Novice: 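Have a look at this one.
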Amino acid sequence: MARTREFDTEAAVSRAMELFWTRGYEATSVRDLTRHLGIGQGSLYAAFGDKDGLYRAALDHYRATLAAAALRDLEAGDGARAAIRTMLLERARIATEGGGRGCLAVNAACERLPHDPATARTVRDMQDAGRDALTDLLRAAAERGEIAPRHDPYTLAGFLVTFLNGLLVAAKVTPDVRALEPLVEVALGALD
């Protein structure tokens with residue numbers, strides 16, 4: 001007779017996400033995970049298959065929570081410039097927490113690619129969603145005359161996603177959001 005799971009898998013995925021985000025995939029052992037989650041190795045394997053399965057669940061959780069929050073930030077604010085500024089600064093603030101842990105998705109790309117196709121798909125999906133949301137926002141802003149029409153909205157959105165990726169890496173090197181704020185203002189100059 002199969003035993004019932006004795007832990008909250010959603011809470012375990014959330015806690016694992018934090019550990020992978022802080023330490024990275026390679027530096028996080030199964031033993032680290034079982035200690036951090038307070039579960040046995042057998043329970044981890046039964047619930048997630050292996051460390052990689054838990055990592056995938058953690059990336060999916062990140063996409064459903066923090067990456068989704070970034071997309072919601074784009075819907076807030078008075079106009080495109082304010083919404084983009086809010087999104088960029090909030091991502092920088094989160095990335096500088098914990099001594100500069102960066103962004104789990106960007107960290108995953110730097111650590112796991114090009115040799116991990118599943119991680120590549122997950123990260124690409126997150127980046128594509130961000131680019132699509134930015135493209136829609138920028139297209140509407142250009143139609144309202146809120147931003148200069150000199151750049152194609154899709155290309156400008158791609159630039160902003162690329163800038164954000166670099167900003168999130170910079171947050172690991174310089175974990176001070178005040179030092180990153182002027183860089184956001186320079187990037188927003190592309191909207192002029």
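This one's a predicted model, so the numbers in the text were calculated from it and none came from an experiment.
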Novice: Which atom names give the shortest non-hydrogen contact between Ala16 and Leu37, and what distance separates them?
Specialist: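 It is N-CD2, 3.6 Å.
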
Novice: What's the separation between atom NZ in Lys172 and atom OG1 in Thr174, rounded to the nearest 0.5 Å?
Specialist: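 So the NZ of Lys172 and the OG1 of Thr174 are separated by 12.5 Å.
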
Novice: Would a distance-only check, ignoring hydrogens and angles, find a side-chain to backbone donor-acceptor pair under 3.5 Å from Glu181 to Leu89?
Specialist: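 Checked: no pair found.
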
Novice: When you check the gap from the basic side-chain N to the acidic O, do Arg131 and Asp128 get nearer than 4.0 Å?
Specialist: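 Salt bridge: no.
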
Novice: Give a yes or no answer on whether the side chain of Gln41 reaches the backbone of Val30 with a donor-acceptor pair at less than 3.5 Å.
Specialist: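 No, because the side chain of Gln41 does not come within donor-acceptor range (under 3.5 Å) of the backbone of Val30.
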
Novice: When rounded to the nearest 0.5 angstrom, what is the spacing between NE2 in His61 and CE in Met17?
Specialist: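 Interatomic distance, His61 NE2 to Met17 CE, rounded to 0.5 Å: 4.5 Å.
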
Novice: Looking at side-chain heavy atoms only, is the closest gap between Arg101 and Glu18 below 4.5 Å?
Specialist: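 When only atoms from C-beta onward are counted, Glu18 and Arg101 do touch, with a gap below 4.5 Å.
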
Novice: To the closest 0.5 Å, what do you measure between CG (Asp116) and CG (Leu59)?
Specialist: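 The CG atom of Asp116 sits 8.5 Å away from the CG atom of Leu59.
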
Novice: Can you hop from Leu164 to Val177 via hydrophobic side chains spaced under 4.5 Å?
Specialist: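 Leu164 and Val177: separate clusters.
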
Novice: I want to check something: taking the side chain as every heavy atom from C-beta on, are Trp21 and Leu66 in contact at a cut-off of under 4.5 Å?
Specialist: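 Trp21 vs Leu66: side chains touch.
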
Novice: Using a strict 4.0 Å threshold on nitrogen-to-oxygen distance, state whether Arg139 and Glu143 make a salt bridge.
Specialist: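 No, this pair does not count.
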
Novice: Is the side chain of Thr155 donor-acceptor paired with the backbone N or O of His151 at a distance under 3.5 Å, no angle test?
Specialist: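 Checking the backbone N and O of His151 against the side chain of Thr155, no donor-acceptor pair under 3.5 Å is found.
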
Novice: What distance do Glu90 atom CD and Asp73 atom CG have between them, rounded to the nearest 0.5 Å?
Specialist: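 The CG atom of Asp73 is 6.0 Å from CD of Glu90, to the nearest 0.5 Å.
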
Novice: Check Asp132, Thr122, Asn165, Thr162 against Gln127 for a side chain to side chain donor-acceptor pair (under 3.5 Å) and give me the one that passes.
Specialist: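 Exactly one pass, corresponding to Asn165.
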
Novice: How close do Ala171 and Thr96 get, counting heavy atoms only, and between which atoms?
Specialist: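 Here Ala171 and Thr96 meet closest at CB-CG2, 3.8 Å.
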
Novice: Return yes if a side-chain donor-acceptor contact under 3.5 Å exists between Arg56 and Thr119, otherwise no.
Specialist: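 Side-chain D/A pair, Arg56 to Thr119: present.
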
Novice: Please tell me whether Tyr154 and Leu156 are part of a single hydrophobic cluster in this structure, the criterion being side-chain heavy atoms less than 4.5 Å apart.
Specialist: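 No, Tyr154 and Leu156 fall in different hydrophobic clusters.
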
Novice: Got Glu26 and Arg112 here, is their nearest side-chain heavy-atom distance under 4.5 Å?
Specialist: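 Yes, at least one pair of side-chain atoms sits under 4.5 Å.
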
Novice: Kindly compute the distance separating CG (Leu137) from CZ (Arg81), expressed to the nearest 0.5 Å.
Specialist: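 Rounded to the nearest 0.5 Å, the CG-CZ separation comes out at 11.5 Å.
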
Novice: Quick one: closest heavy-atom pair of Arg91 and Ala70, and the distance?
Specialist: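 That would be NE-CB, 3.4 Å.
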
Novice: Output yes when a side-chain donor or acceptor of Asp192 lies under 3.5 Å from a complementary backbone atom of Ile147, and no otherwise.
Specialist: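 Checking the backbone N and O of Ile147 against the side chain of Asp192, no donor-acceptor pair under 3.5 Å is found.
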
Novice: Which pair of heavy atoms, one from Leu134 and one from Ala157, lies closest together, and at what distance?
Specialist: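 Residues Leu134 and Ala157, closest heavy atoms: CB-CB, 3.6 Å.
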
Novice: Leu74 and Ile94: same hydrophobic cluster, using ILVMFWY side-chain contacts below 4.5 Å?
Specialist: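 No.
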
Novice: Could you tell me whether Arg178 atom CZ has more than 12 heavy atoms of other residues or ligands within 6.0 Å of it?
Specialist: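 Atom CZ in Arg178 is not packed in, count stays at 12 or less.
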
Novice: Begin from the C-alpha positions of Glu10 and Val13 and carry the test side chain to side chain contact (heavy atoms under 4.5 Å, CB included) through to its verdict.
Specialist: CA-CA 5 Å; Glu10 189 173 325; Val13 167; 5.8 Å; no

Novice: In this structure, would Val106 and Tyr62 fall into the same cluster of hydrophobic residues linked by side-chain contacts under 4.5 Å?
Specialist: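 No, Val106 does not connect to Tyr62 through the hydrophobic network.
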
Novice: Is there a side chain to side chain contact (heavy atoms under 4.5 Å, CB included) between Leu168 and Asn107? Walk through the geometry before answering.
Specialist: CA-CA 9 Å; Leu168 298 172; Asn107 295 351; over 6 Å; no

Novice: So does Ile39 get a backbone contact from the side chain of Ser43, meaning a donor-acceptor N/O pair under 3.5 Å?
Specialist: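 Flag not set: sc Ser43 to bb Ile39 has no pair under 3.5 Å.
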
Novice: Quick check on the hydrophobic clustering: are Leu104 and Phe48 connected, directly or via other members, by side-chain heavy-atom contacts under 4.5 Å?
Specialist: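 Result: yes, single cluster for both.
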
Novice: Does Thr34 reach the main-chain N or O of Arg31 with its side chain, forming a donor-acceptor pair under 3.5 Å?
Specialist: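 The answer is yes, because a donor-acceptor pair under 3.5 Å joins these two groups.
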
Novice: Is there a donor-acceptor contact under 3.5 Å linking the side chains of Asp32 and Ser29?
Specialist: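 Yes, Ser29 and Asp32 have a side-chain donor paired with an acceptor closer than 3.5 Å.
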
Novice: To the nearest 0.5 Å, how far apart are CD in Glu75 and OG1 in Thr86?
Specialist: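 OG1 of Thr86 is found 12.5 Å from CD of Glu75.
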
Novice: Passes side chain to side chain contact (heavy atoms under 4.5 Å, CB included), Leu88 versus Phe163? Steps please.
Specialist: CA-CA 9 Å; Leu88 292 172; Phe163 168 77; 4.1 Å; yes

Novice: For the residue pair Tyr25 and Phe20, does the interplanar ring angle fall in the parallel (under 30°), tilted (30 to 60°) or perpendicular (over 60°) class?
Specialist: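 Because their plane-to-plane angle is under 30°, the rings of Tyr25 and Phe20 count as parallel.
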
Novice: Ile84 versus Val184: any side-chain heavy-atom pair under 4.5 Å?
Specialist: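 Sidechains of Val184 and Ile84: no contact.
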
Novice: Might you point out which heavy atoms bring Phe159 and Ala190 nearest each other, and give the distance in Å?
Specialist: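 Scanning both residues, the minimum pair turns out to be CE2-CB, 3.9 Å.
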
Novice: Taking the six-membered ring of Tyr45, is NZ or CZ of Lys51 closer than 6.0 Å to its centre and within 45° of its axis?
Specialist: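 Verdict for Tyr45: no cation-pi partner in Lys51.
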
Novice: Might you point out which heavy atoms bring Ala105 and Val123 nearest each other, and give the distance in Å?
Specialist: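 Looking at all heavy atoms of both residues, the closest pair is O-CG2, 3.6 Å.
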
